[in-house]
Amino acid sequence: MSTPRVRFAPSPTGPLHIGGLRTALYNYLYARKLGGTFILRIEDTDQKRYVEGAEQYIREALTWSGMAPDEGPEAGGDYGPYRQSERSELYAKYTQQLVDAGKAYYAFDTPEALDAARSAAEADGKVFRYDSSTRGGLDNSLEMSADALNARLATDEARVVRLFVQADEQVVFSDVVRGTVRMSTNELDDKVLMKADGLPTYHLANVVDDYEMKITHVIRGEEWLPSTAHHVLLYDAFGFRQNMPAFAHLPLILKPVGKGKLSKRDGAKFGMPVFPMEWDDQASGETFSGFRESGFLPDAVINFLAFLGWNPGTEQEMFNLEELVVAFDLDKIGKSGARFDFDKAKWFNQQYISQLSDDAFADMVAPSVQEAGFDVSREKLLALAPLMRERLNTANELPTTGAYLFTSPNAFDDKQAEKRLKKADLDQLAHVGAILEGVSSWDAEQAGTQLKSWANEHEVKLGILLPLYRIALTGGMSGPDVFELGEVLGKEETIQRWETALAHFRSLQSNLSAA
RNA sequence: GGCCCCAUCGUCUAGUGGUUAGGACAUCAGGUUUUCAUCCUGGGAACAGGGGUUCAAUUCCCCUUGGGGCUACCA
């Protein structure tokens with residue numbers, strides 16, 4: 001068997017969403033695993049829905065995730081062009097072939113006429129379908145003389161080409177993840193193959209291109225399962241059945257809570273990104289957040305996505321792209337829809353951030369720190385890496401929950417402070433500044449041992465001193481080890497923060513005793 | 001409505017005709033020799049319901065229920 005050729009075939013109607021990225025991923029993994037070819041094909045046959053910049057976005061998203069295609073509009077290849085809008089003659093040729101063979105026909109019904117037919121059927125409690133039961137009464141070439149047809153085709157009257165679906169037949173195909181799927185042709189309509197604008201519909205273009213590009217495996221979302229029957233019929237009509245690719249329909253990604261599949265507005269609704277990268281929607285003026293801008297590492301997003309609908313069958317969960325390639329297997333893909341769990345995505349990200357080198361950590365964190373308005377040196381970011389790398393879910397948290405790393409706290413957690421101040425002797429704690437001042441070589445080790453031994457000598461409870469010291473440095477109760485933090489902050493800054501806090505503590509304590 | 005697909009902890013899932021039904025996220029409780037978002041240990045938590053088949057069903061079959069998708073001159 002030859003090596004697989006798989007394609008990711010998005011439509012440039014907007015940003016690639018996370019479900020699409022997962023489809024791309026599974027295609028990519030399958031190709032890589034078997035030494036095959038990963039192809040990007042742009043399905044831009046709908047002029048009305050075409051969105052400027054979407055194709056660019058798709059390519060950038062693939063690059064960001066580490067899945068650059070082997071063939072595609074930009075990568076080139078022997079089976080191009082890779083944009084369907086540039087392959088029109090091909091579709092026209094194949095359509096003609098079908099018409100000549102009597103497997104497709106012209107239809108002149110106007111959209112209004114079809115709408116009317118739909119309303120009429122609805123009023124009757126039925127659903128209109130353009131098929132063997134209705135096509136006889138509609139305006140198509142089926143029972144038209146050659147002369148009459150040619151006369152109409154010679155005008156500029158709008159027409160489409162429809163697939164002629166034979167009644168009372170069974171379409172049977174096998175799907176790698178679902179097994180055998182059967183459908184009666186009585187359920188299938190005479191799908192439009194060629195639209196009035198001269199461009200093909202998805203169904204035609206998809207089948208023609210998969211054949212022409214020698215695609216061996218179609219790995220796509222489950223929303224395509226029902227129309228696969230039409231595609232099989234098309235392969236038959238063309239006589240391509242022996243070359244028909246294998247199908248693998250992926251389970252859909254569902255909303256975190258509630259009903260339905262994940263949609264682009266769920267991002268704002270649930271406070272999480274649904275797109276790999278940020279996207280400004282020109283039409284609506286909305287901005288959709290992206291994983292990249294939210295401080296996620298591509299490896300983490302990929303790892304998370306890989307596990308939404310697939311798992312290796314072992315207990316290992318951490319897989320980078322290369323490891324996924326080795327472990328991936330089409331028949332370990334699940335059948336049921338998977339809810340998008342943002343907590344798990346954050347956990348993966350935290351795991352990956354904790355593995356970053358100091359340099360990579362600084363790189364990752366720099367943009368959000370700068371955006372937050374902090375002017376921080378590279379040296380400081382590098383110094384922060386060992387302290388913070390295991391404590392972040394996303395890079396963006398650093399300047400927000402860790403603002404104290406860059407600037408003195410502008411408020412203190414008074415509640416936590418008061419708990420300690422009830423039993424604190426501030427006159428005694430006033431010596432802390434001098435102790436810190438006396439630390440000759442300023443590092444976590446020295447500052448820590450000297451402060452602790454001073455406390456022990458003077459019977460100052462560490463359970464009181466340390467929390468207050470922490471509050472002085474960070475404003476609250478969380479953060480890295482206080483002495484490590486002090487080291488990064490520097491001696492001067494640390495002492496200054498302590499003195500500022502001490503003054504605040506004094507007023508807190510006097511209020512406390514007054515009350 | 002019709003058709004297709006699906007159904008194990010709250011979530012992602014492993015798994016088998018006979019198992020203490022396993023792991024991860026989340027959650028809760030402890031611990032890391034008195035600071036900490038990390039880390040460690042532990043707890044609670046699931047086979048949708050009803051019929052079959054079988055010595056035995058979470059596992060195989062059917063039905064019900066529930067969920068998802070499709071039903072456009074969109075993909």
Side-chain angles (χ1 to χ4, degrees), chain A residues 9-13 43-46 48-49 107 109-111 114-115 118 122 125-130 158-162 175 177-179 181-184 186-189 191-197 199-203 205-206 221-229 249 251-252 254 256-257 259-261 304 307-318 332 334-348 350 354 387-393 397 401-402 448 452 455 461-471 473-474 477-485:
Chain A
S11 215
T13 54
E43 309 229 330
D44 54 350
T45 56
D46 187 352
K48 295 182 289 297
R49 295 210 308 156
D109 315 273
T110 62
L114 292 175
D115 282 346
R118 277 188 198 100
E122 201 175 328
K126 289 188 255 182
V127 177
F128 171 77
R129 191 190 292 141
Y130 208 118
R159 85 291 305 251
V160 301
V161 176
R162 285 181 182 271
D175 184 280
V177 344
R178 324 244 154 215
V181 179
R182 291 187 180 77
M183 233 169 286
S184 163
N186 292 340
E187 304 294 339
L188 306 177
D189 67 336
K191 275 263 175 294
V192 170
L193 265 19
M194 192 57 95
K195 297 179 284 189
D197 63 6
L199 292 174
T201 57
Y202 172 89
H203 309 289
N206 197 261
E222 194 188 351
E223 70 267 29
W224 295 110
L225 192 56
S227 53
T228 302
H249 286 95
L252 264 19
L254 276 21
V257 297
K259 292 184 166 199
K261 65 172 176 177
F304 165 68
F307 272 73
L308 235 42
W310 171 87
N311 83 87
T314 66
E315 284 181 359
Q316 184 183 346
E317 298 225 47
M318 299 299 294
K332 284 226 177 308
K335 297 181 207 290
S336 42
R339 281 191 192 277
F340 185 94
D341 181 4
F342 191 49
D343 280 331
K344 191 116 185 198
K346 284 191 287 197
W347 176 78
F348 271 114
Q350 183 264 120
S354 71
L387 268 65
M388 300 305 292
R389 139 174 81 203
E390 287 180 349
R391 298 164 185 277
L392 292 177
N393 285 320
E397 287 174 6
T401 64
K452 282 179 191 168
K461 287 212 163 39
L462 288 175
I464 291 183
L465 169 60
L466 261 18
L468 289 176
Y469 188 50
R470 167 172 295 283
I471 291 168
L473 295 192
T474 71
M477 290 302 292
S478 55
D481 178 274
V482 273
F483 299 108
E484 302 271 357
L485 175 61

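Letters A, B, ... mirror the listed sequences (proteins, then strands); counts begin at 1.
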About how many Å separate [atom2] of [Y] and [atom1] of [X], when rounded to the nearest 0.5 Å?
{"X": "A/K452", "Y": "A/L462", "atom1": "NZ", "atom2": "CG", "result": "7.0 Å"}
{"X": "A/F340", "Y": "A/L308", "atom1": "CZ", "atom2": "CG", "result": "7.5 Å"}
{"X": "A/T314", "Y": "A/K332", "atom1": "OG1", "atom2": "NZ", "result": "9.0 Å"}
{"X": "A/R391", "Y": "A/S478", "atom1": "CZ", "atom2": "OG", "result": "9.5 Å"}
{"X": "A/R129", "Y": "A/R118", "atom1": "CZ", "atom2": "CZ", "result": "12.0 Å"}

*Report the C-alpha separation of A/W347 and A/F304 in whole Å, then their side-chain angles, then the decisive distance to 0.1 Å, and conclude whether the ring-ring contact (aromatic ring centres under 6.0 Å, His included) test is met.*
CA-CA 9 Å; A/W347 176 78; A/F304 165 68; over 10 Å; no
Please state the [atom1] separation for the pair [N] and [M] - nearest whole angstrom.
{"N": "B/G51", "M": "B/U65", "atom1": "C1'", "answer": "14 Å"}
{"N": "B/U27", "M": "B/C5", "atom1": "P", "answer": "38 Å"}
{"N": "B/A24", "M": "B/G2", "atom1": "C1'", "answer": "40 Å"}
{"N": "B/C62", "M": "B/C55", "atom1": "C1'", "answer": "22 Å"}
{"N": "B/A21", "M": "B/C61", "atom1": "C1'", "answer": "23 Å"}
{"N": "B/G68", "M": "B/U35", "atom1": "C1'", "answer": "50 Å"}
{"N": "B/A57", "M": "B/U19", "atom1": "P", "answer": "11 Å"}
{"N": "B/G66", "M": "B/G31", "atom1": "C1'", "answer": "43 Å"}

*Using a 4.0 Å cut-off on protein heavy atoms (strictly under), produce a 5'-to-3' string for nucleotides 19-34 of chain B with B for base contact, S for backbone-only sugar-phosphate contact, and - for none.*
---SSBSS-------B
*Base, backbone or nothing for each nucleotide of nucleotides 68-75 of chain B, written B, S, -, heavy atoms under 4.0 angstrom, 5' to 3'?*
SBS--BBB
Whole angstrom is fine here: how far is it from [atom1] in [X] over to [atom2] in [N]?
{"X": "A/L308", "N": "B/U13", "atom1": "CG", "atom2": "P", "answer": "6 Å"}
{"X": "A/M388", "N": "B/A37", "atom1": "CE", "atom2": "C1'", "answer": "7 Å"}
{"X": "A/H249", "N": "B/C5", "atom1": "NE2", "atom2": "C1'", "answer": "11 Å"}
{"X": "A/E122", "N": "B/G1", "atom1": "CD", "atom2": "P", "answer": "14 Å"}
{"X": "A/E187", "N": "B/C3", "atom1": "CD", "atom2": "C1'", "answer": "5 Å"}

*asked:* Within the supplied structure, the quantity of interest is the number of heavy atoms (other residues, nucleotides, ligands) at a distance under 6.0 Å from A/K461 NZ; does it exceed 12?
replied: no
For [X], report the nucleic acid contact type (base, sugar-phosphate, nothing); a contact means any heavy atom under 4.0 Å.
{"X": "A/Q350", "value": "sugar-phosphate"}
{"X": "A/R389", "value": "nothing"}
{"X": "A/G309", "value": "sugar-phosphate"}

*With a 3.5 angstrom cut-off on both distances, give the Watson-Crick or G-U wobble partner of B/G1, or none if there isn't one.*
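Matched B/G1 with B/U71 under the 3.5 Å cut-off.
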*Taking a pair as Watson-Crick or G-U wobble with both distances under 3.5 Å, which nucleotide is matched to B/A26?*
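Partner of B/A26: none found under 3.5 Å.
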_Measuring from the side chain of A/R391 (C-beta onward, heavy atoms only), which nucleotide among B/C36, B/U11, B/C4 has the closest atom?_
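Among B/C36, B/U11, B/C4, the one nearest the side chain of A/R391 is B/C36.
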*Measure the shortest side-chain to side-chain distance between A/M194 and A/V192 over non-hydrogen atoms and say whether it is less than 4.5 angstrom.*
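They are not in contact (no side-chain heavy atoms under 4.5 Å apart), so the answer is no.
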*Is any side-chain nitrogen or oxygen of A/N311 closer than 4.0 Å to OP1 or OP2 of B/A14?*
yes
*Below 3.5 Å, does any donor atom in the side chain of A/R470 face an acceptor in the base of B/U35, or the other way round?*
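A donor-acceptor contact between them is present.
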*Hey, what's the ring geometry for A/F307 with A/F348, parallel, tilted or perpendicular (30° and 60° as the breaks)?*
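Plane angle between 30° and 60°, so tilted.
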*Closest heavy-atom pair and its distance - A/E317, A/K344*: OE1-NZ, 3.8 Å
*Residue mapping more 5' on RNA chain B - nearest nucleotide basis, A/R182 or A/E390*: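 Looking at RNA chain B, the more 5' nearest nucleotide goes with A/R182.
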*asked:* Using side chain to side chain donor-acceptor pair (under 3.5 Å), reason through A/Y130 and A/D109 one step at a time and then give a plain yes or no.
replied: CA-CA 11 Å; A/Y130 208 118; A/D109 315 273; 2.6 Å; yes
